[in-house]
Number of protein chains: 2
Amino acid sequence: MAKQPLVAKGKVKLKDYSPDFTDGMKREECEAKLPALQKRLAELQEIQYAQGKTATLMVIQAMDAAGKDSLAKKVFEECNPQGVIVHGFKAPSEQELAHDFLWRVHAKVPARGYMGVFVRSHYEDVLVVRVNKLVPKQVWKGRFAHINAFEKLLHDSGTRIMKFYLHISKDEQKQQLQERLDDPTKHWKFHVGDLAVRERWDDYMKAFEDVFNECSTDYAPWHIVPGNYRWYRNYIVTKTMVDMLESLDLKYPPAEEGLDQVVIPD
Amino acid sequence: MAKQPLVAKGKVKLKDYSPDFTDGMKREECEAKLPALQKRLAELQEIQYAQGKTATLMVIQAMDAAGKDSLAKKVFEECNPQGVIVHGFKAPSEQELAHDFLWRVHAKVPARGYMGVFVRSHYEDVLVVRVNKLVPKQVWKGRFAHINAFEKLLHDSGTRIMKFYLHISKDEQKQQLQERLDDPTKHWKFHVGDLAVRERWDDYMKAFEDVFNECSTDYAPWHIVPGNYRWYRNYIVTKTMVDMLESLDLKYPPAEEGLDQVVIPD
C-alpha cells in the first residue's frame with residue numbers, strides 16, 4: 001500500500017486515492033489509540049473555550065451513507081456538548097434561497113471559544129447545485145473565489161478551519177445503502193431519490209476534485225480521508241484535529257486578580 | 001431516609017428536600033444502570049428525529065458549581081450531537097435587553113425532531129434578576145404568567161418540556177468552589193463575584209421556591225433533583241427523560257412508497 005497524502009495539494013485525481021488506505025495500521029491499533037485522542041481533544045476544547053480567543057470549524061462532506069453523522073459524533077464524543085455545535089445543512093429554504101449562498105452559513109459559524117461542525121456546508125453549492133445544473137456554470141465557478149474569501153475572513157478572525165472529505169468507494173456506498181434497506185429502523189434514512197445521486201457518481205467525483213483544486217488553502221485545507229474503514233477514519237480525523245489544536249498554543253487565561261487571597265465563607 | 005418527590009407539586013419548601021437523597025440506591029447500582037439508559041435515550045432521540053413530529057426541551061437551573069454542564073454532557077452522551085442542541089444562556093447582550101425577556105429564548109427552542117438543552121434559561125429572569133433587584137417586583141412577578149403561557153405555546157406545538165433544578169447544599173457548593181480554587185486548570189471558572197451570589201443563598205432558595213410554586217405545570221413540570229451525589233443525579237435525570245419519551249408513542253415514520261422494490265445498481 002503506497003503512502004497517500006491526507007491534505008489535498010496540487011492537482012487531485014480521486015482515482016489516485018484509495019478509500020481502503022489505512023497507512024499500514026490495524027483495526028485494534030486505531031481503536032486502542034482513539035480514546036486518548038478523544039480525551040485530549042476534549043481538554044483542548046475546554047482550553048479553547050476558557051481562553052475564548054480562537055474558534056474551530058470542521059466541515060464534513062461526502063457522498064450519501066459515507067458516515068458523516070457518525071464521524072461528527074465519534075470525534076467529539078468526550079467534549080462538552082455546550083461548546084461543540086454540530087449543524088447539518090439541508091436543502092435551503094425559500095428564505096435562504098432569497099439570500100446569497102453564504103448567508104445561512106455565516107449565521108452558523110462558531111463564536112470565539114466554540115467548535116462548530118458543519119455536516120454538509122456551503123460546498124453543496126458547488127457540488128449538488130453544479131451536478132444538477134441548478135445555476136449556470138459561470139455562477140458556480142464564481143463561487144470558489146467567494147468561498148476562499150469567506151474562509152479567509154473567518155481565519156483572519158481567529159477561526160481555524162479544517163475540511164474533511166470522506167472518501168468511500170462506490171461499492172462501499174452500495175453496501176451501506178443496502179444495510180439501510182435491510183434494517184426497518186433505517187428505512188427513514190433511505191430516499192429513493194438518493195439512487196439518482198448515486199447514478200451521477202462520476203460527475204460528483206469530478207465536482208469534488210474541482211473543490212479540492214480550487215478551495216484547499218493553507219488557511220482552510222481539505223483533507224481526503226480514506227473512508228471505507230471507519231475505525232481508521234475516526235482515528236485519523238481525531239488525530240488531525242488534535243494536532244491542529246496542539247499547534248495553536250492554547251492556554252487557560254490568567255486567573256482573576258486576587259484569586260490567591262480568596263477564602264470561601266461557610 | 002424518607003421518600004422524597006421528584007416533581008415539584010403544591011407548596012414547595014426546599015428545606016424539606018434533602019440534597020443527599022438517593023432513594024436508597026447505591027453508587028454502584030446507579031452507575032451500572034446508567035449506560036443502558038443513555039443508549040435507550042439515544043435510540044428514542046433518533047426515533048423522535050426520524051418522526052419529526054415532536055421536540056424535547058430540557059431546562060437546567062441551579063446554583064453555581066452544582067454541575068449543570070456535566071449533567072448536560074452525561075445525559076446525552078450517547079446521542080447524535082446533530083440532534084441535541086445544548087445552549088448556555090449568559091448575561092444578556094444589549095441587543096437582547098432591548099427585547100422582551102423571552103425573545104432570545106424563543107430563538108433557541110428546538111425545532112420538531114430535535115432535543116434542546118438550556119443550561120440556564122428564561123428562569124434567570126425571575127432568579128438573579130429578582131435577587132439583584134434589576135427590575136421592580138411587579139415586573140418579575142408578572143413574568144411567571146408570561147413563562148407559563150410561553151411554555152404552553154411550545155407544548156401545544158409538540159415540544160415536551162422537562163425542567164430540572166439541581167438541588168445541592170451550601171456545603172457542597174463550598175467544596176466544589178474550593179476544588180476550582182485548588183486546581184489551576186479550573187481557575188478560569190472561578191469569578192470572585194460568584195461569592196456575592198453565594199452570600200445571597202437564602203434569597204435564591206426563596207426565589208427558586210416561588211419558581212416551583214408558580215411554574216411547575218402539568219405540561220412543563222419542575223423536577224427537584226437531589227444533587228449532592230452526582231451518580232444519583234445522572235441516573236435519575238436520564239431515567240426521567242427516558243420515561244417521558246417512552247410515554248410519547250414515538251415511531252419511525254413509514255418507509256417511502258416502493259422501498260420494498262428497490263434494487264441498488266452497481
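These numbers come from the heavy atoms of this one structure, side chains and all, not from hydrogens, waters or symmetry mates. The sequence lines fix the lettering, A, B, ..., with proteins before strands; numbering per chain opens at 1.
Of the atoms belonging to A/Val119, it is side-chain heavy atoms, and not backbone ones, that fall under 4.5 Å from chain B. Within the 4.5 angstrom heavy-atom criterion, only side-chain atoms of A/Glu256, from C-beta onward, approach chain B. Residue A/Glu43 does not touch chain B at all, counting heavy-atom pairs closer than 4.5 Å. Only the side chain of A/Leu195 comes within contact range of chain B, with heavy atoms under 4.5 Å apart. Heavy atoms closer than 4.5 Å to chain B are found in the side chain of A/Tyr114, but not in its backbone. Contact of A/Leu259 with chain B is made through backbone and side chain together, with heavy-atom distances under 4.5 Å.
Counting heavy-atom pairs closer than 4.5 Å to chain A, the top-ranked of the candidates B/Glu257, B/His87, B/His191 is B/His191. By number of non-hydrogen pairs under 4.5 angstrom with chain A, the leading residue of B/Pro81, B/Pro254, B/Ala255 is B/Pro81. Among A/His187, A/Lys189, A/Gln173, the residue making the largest number of heavy-atom pairs under 4.5 Å with chain B is A/His187. With chain B as partner, the option from A/Asp171, A/Val84, A/Val262 having the largest number of non-hydrogen pairs under 4.5 angstrom is A/Val262. For the set A/Lys73, A/Gln51, A/Glu46, the count of heavy-atom pairs under 4.5 angstrom toward chain B peaks at A/Lys73. Chain B forms more heavy-atom pairs under 4.5 Å with one residue of A/Cys79, A/Ser70, A/Ala72 than with any other, namely A/Cys79.
Annotation: the span from A/Gln82 atom CD to B/Ile85 atom CD1 amounts to 13.0 Å, rounded to 0.5 Å. Note that the CD atom of A/Glu77 and the CD atom of B/Glu77 stand 7.5 Å from one another [nearest 0.5 Å]. Annotation: the span from A/Tyr252 atom OH to B/Thr185 atom OG1 amounts to 4.5 Å, rounded to 0.5 Å.
Contact check on A/Asp266 versus B/Lys174 returns a salt bridge, with a Lys/Arg side-chain nitrogen under 4.0 Å from an Asp/Glu carboxylate oxygen.
Around OH of B/Tyr229, the count of heavy atoms belonging to other residues, nucleotides or ligands within 6.0 Å does not exceed 12. Atom NZ of A/Lys68 is surrounded by more than 12 heavy atoms from other residues, nucleotides or ligands within 6.0 Å. Other residues, nucleotides and ligands contribute over 12 non-hydrogen atoms within 6.0 Å of the CZ atom of A/Phe190. Shown here is B/Lys170, whose NZ atom has more than 12 heavy atoms of other residues, nucleotides or ligands within 6.0 Å.
Taking the six-membered ring for Trp and thresholds of 30 and 60 degrees, B/Trp188 and A/Tyr49 have ring planes more than 60 degrees apart, a perpendicular arrangement.
Of the possible polar contacts, none joining the A/Arg198 side chain to the B/Ile264 backbone as a donor-acceptor pair under 3.5 Å is found.
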